[in-house]
Colleague: 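Pasting a structure here, questions to come.
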Amino acid sequence: MTLSEAFLWPGTKVCERLGVDPEGEAGLIRWMVNTLVYLILSLIFVWIFAV
């Protein structure tokens with residue numbers, strides 16, 4: 001597994017669960033899921049360490 005595959009893993013798993021191809025037109029679904037996952041993780045990190 002490459003580093004880019006590791007970063008895209010959450011969105012890829014959601015696309016597989018929904019039965020869509022993450023490499024095709026549904027790549028936007030993978031992008032949205034990855035954005036939400038990493039946004040939430042980043043906000044938790046900032047909330048814990050910056051407060």
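Just so it is clear, the values below take in all heavy atoms, side chains as well, and ignore hydrogens, waters and symmetry mates. Please read all numbers here as calculations on a predicted model, not as lab measurements.
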Colleague: Using side-chain contact (heavy atoms from CB on, under 4.5 Å) as the criterion, point out the one residue from N34, T35, L28, L36 that pairs with M32.
Modeller: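 Option passing the side-chain contact (heavy atoms from CB on, under 4.5 Å) with M32: L36.
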Colleague: Test of understanding: with salt bridge (Lys or Arg N to Asp or Glu O under 4.0 Å), list the residues that count as partners of E23, not counting sequence neighbours.
Modeller: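 With neighbours one apart ignored, the set is R30.
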Colleague: Indicate, with yes or no, if V37 and L3 share a hydrophobic cluster defined by side-chain heavy-atom contacts under 4.5 Å among Ile, Leu, Val, Met, Phe, Trp and Tyr.
Modeller: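 Yes, L3 connects to V37 through the hydrophobic network.
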Colleague: Provide the closest heavy-atom pair for A6 versus P10 in the form atom of the first, atom of the second, distance.
Modeller: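 Shortest heavy-atom separation between A6 and P10 comes out as O-CD, 4.2 Å.
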Colleague: Quick one: do W9 and E5 satisfy side-chain contact (heavy atoms from CB on, under 4.5 Å)? Show the steps, please.
Modeller: CA-CA 6 Å; W9 181 80; E5 290 173 346; over 6 Å; no
Colleague: What is the minimum heavy-atom distance between V33 and G11, and which atoms define it?
Modeller: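 Minimum heavy-atom separation between V33 and G11: CG1-CA, 3.8 Å.
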Colleague: Once you round to the nearest 0.5 Å, how far does CD of E16 lie from CG of D21?
Modeller: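 So the gap between those two atoms works out to 9.5 Å.
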Colleague: Would you say V20 and L8 are hydrophobically clustered, going by side-chain heavy atoms of ILVMFWY under 4.5 Å?
Modeller: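 No.
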Colleague: If a pair satisfies ring pair (Phe, Tyr, Trp, His ring centres under 6.0 Å) and one of its residues is in residues 29-51, list it, with sequence neighbours excluded.
Modeller: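 Non-adjacent pairs meeting ring pair (Phe, Tyr, Trp, His ring centres under 6.0 Å): F45-F49.
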Colleague: Who are the side-chain contact (heavy atoms from CB on, under 4.5 Å) partners of S42, not counting sequence neighbours?
Modeller: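 S42: no side-chain contact (heavy atoms from CB on, under 4.5 Å) contacts found.
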